[in-house]
Amino acid sequence: MTVYWTSIEYEYEFKDNLKGGFVYAFIKAKDAISAYETIKENLLSMNLIPISWDFICPFDVNTKWESEEETLHYKGLYEKALSHKRCVYDDFYAYVK
């Protein structure tokens, strides 16, 4: 099993003052298709409708980010996904109307 990650833009099913947002998601899966299906199902269960997927690919644990803090943050999300069967999300960022 591989940890896949993706960047997703979403809309809220029940729109109040929020239009949508974006989030990074991590999931341990057998392939990109099963990762996509699991993440999509999980987002829909939270009343979030995925509208755009920038990418979905295996996470490279050796990636160096802009700062050591960011590198440790994303490695931590990877490790959490590696040890769980559920979706792991970074911070959700929302757009207001």
Side-chain angles (χ1 to χ4, degrees):
M1 296 282 253
T2 301
V3 173
Y4 288 84
W5 77 305
T6 183
S7 173
I8 306 158
E9 186 174 359
Y10 59 86
E11 290 181 340
Y12 291 91
E13 184 175 358
F14 304 108
K15 301 173 184 174
D16 290 320
N17 63 337
L18 298 175
K19 178 179 169 113
F22 69 94
V23 67
Y24 288 124
F26 295 74
I27 185 78
K28 183 170 61 173
K30 64 180 179 175
D31 56 33
I33 293 171
S34 61
Y36 166 84
E37 290 170 350
T38 302
I39 294 168
K40 181 180 177 184
E41 181 179 303
N42 189 257
L43 288 170
L44 291 172
S45 75
M46 295 187 290
N47 299 315
L48 302 175
I49 302 165
I51 58 170
S52 174
W53 302 69
D54 291 335
F55 59 86
I56 187 162
C57 62
F59 182 80
D60 181 357
V61 73
N62 296 312
T63 299
K64 299 291 183 199
W65 295 83
E66 289 185 24
S67 70
E68 183 65 21
E69 183 179 320
E70 281 183 307
T71 300
L72 292 173
H73 174 72
Y74 290 110
K75 278 187 181 181
L77 293 172
Y78 162 85
E79 289 169 0
K80 191 180 234 184
L82 192 60
S83 65
H84 292 89
K85 292 185 179 181
R86 63 181 185 270
C87 299
V88 174
Y89 296 100
D90 193 11
D91 297 329
F92 283 81
Y93 295 93
Y95 310 127
V96 293
K97 289 184 181 180

- request: Walk me through it: do Tyr10 and Tyr12 pass the test ring-ring contact (aromatic ring centres under 6.0 Å, His included)?
  value: CA-CA 7 Å; Tyr10 59 86; Tyr12 291 91; 5.5 Å; yes

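- Of all heavy-atom pairs spanning Tyr95 and Glu9, the tightest one is CE1-OE2, 3.7 Å.
- For Glu79, there are no side chain to side chain contact (heavy atoms under 4.5 Å, CB included) partners at least two apart in sequence or on another chain.
- Taking Ser83 as the reference, nothing meets the side chain to side chain contact (heavy atoms under 4.5 Å, CB included) condition, with sequence neighbours excluded.
- For Asp31, the side-chain hydrogen bond (donor to acceptor under 3.5 Å, both in side chains) partners at least two apart in sequence or on another chain are Ser34.
- For Thr6, the side chain to side chain contact (heavy atoms under 4.5 Å, CB included) partners two or more places apart in sequence, or in a different chain, are Ile8, Ala25, Ile39, Trp53, Ile56.
- Scanning both residues, Asp60 and Thr63, for their nearest heavy atoms gives O-OG1, 2.9 Å.
- With a 6.0 Å radius and a threshold of 12 heavy atoms from other residues, nucleotides or ligands, Ile51 has its CD1 atom above the threshold.
- Minimum heavy-atom separation, Lys40 to Pro50: CG-CG, 4.0 Å.
- In this view, Thr2 satisfies the side-chain hydrogen bond (donor to acceptor under 3.5 Å, both in side chains) rule with no residue, not counting sequence neighbours.
- Among residues two or more places apart in sequence or in another chain, the side-chain hydrogen bond (donor to acceptor under 3.5 Å, both in side chains) test is passed with Asp91 by none.
- Here Leu72 is tied to no hydrophobic group at all, with no ILVMFWY side chain closer than 4.5 Å.
- In plain terms, the two heavy atoms of Ile27 and Lys85 that are nearest each other are CD1-O, 3.9 Å.
- When all heavy atoms of Glu13 and Ile49 are compared, the closest pair comes out as CA-CD1, 3.9 Å.
- Hydrophobic cluster of Val88: the remaining members, joined at side-chain heavy-atom separations below 4.5 Å, are Val3, Trp5, Tyr24, Phe26, Phe55, Phe59, Val61, Trp65, Tyr74, Leu77, Tyr78, Leu82, listed by chain and number.
- Here His84 pairs with nothing under the side-chain hydrogen bond (donor to acceptor under 3.5 Å, both in side chains) rule; sequence neighbours left out.
- Residues passing the side chain to side chain contact (heavy atoms under 4.5 Å, CB included) test with Met46 are Asn42, Leu43, Leu48, Tyr89, Phe92, sequence neighbours excluded.
- Within 6.0 Å of NZ on Lys75 lie more than 12 heavy atoms contributed by other residues, nucleotides or ligands.
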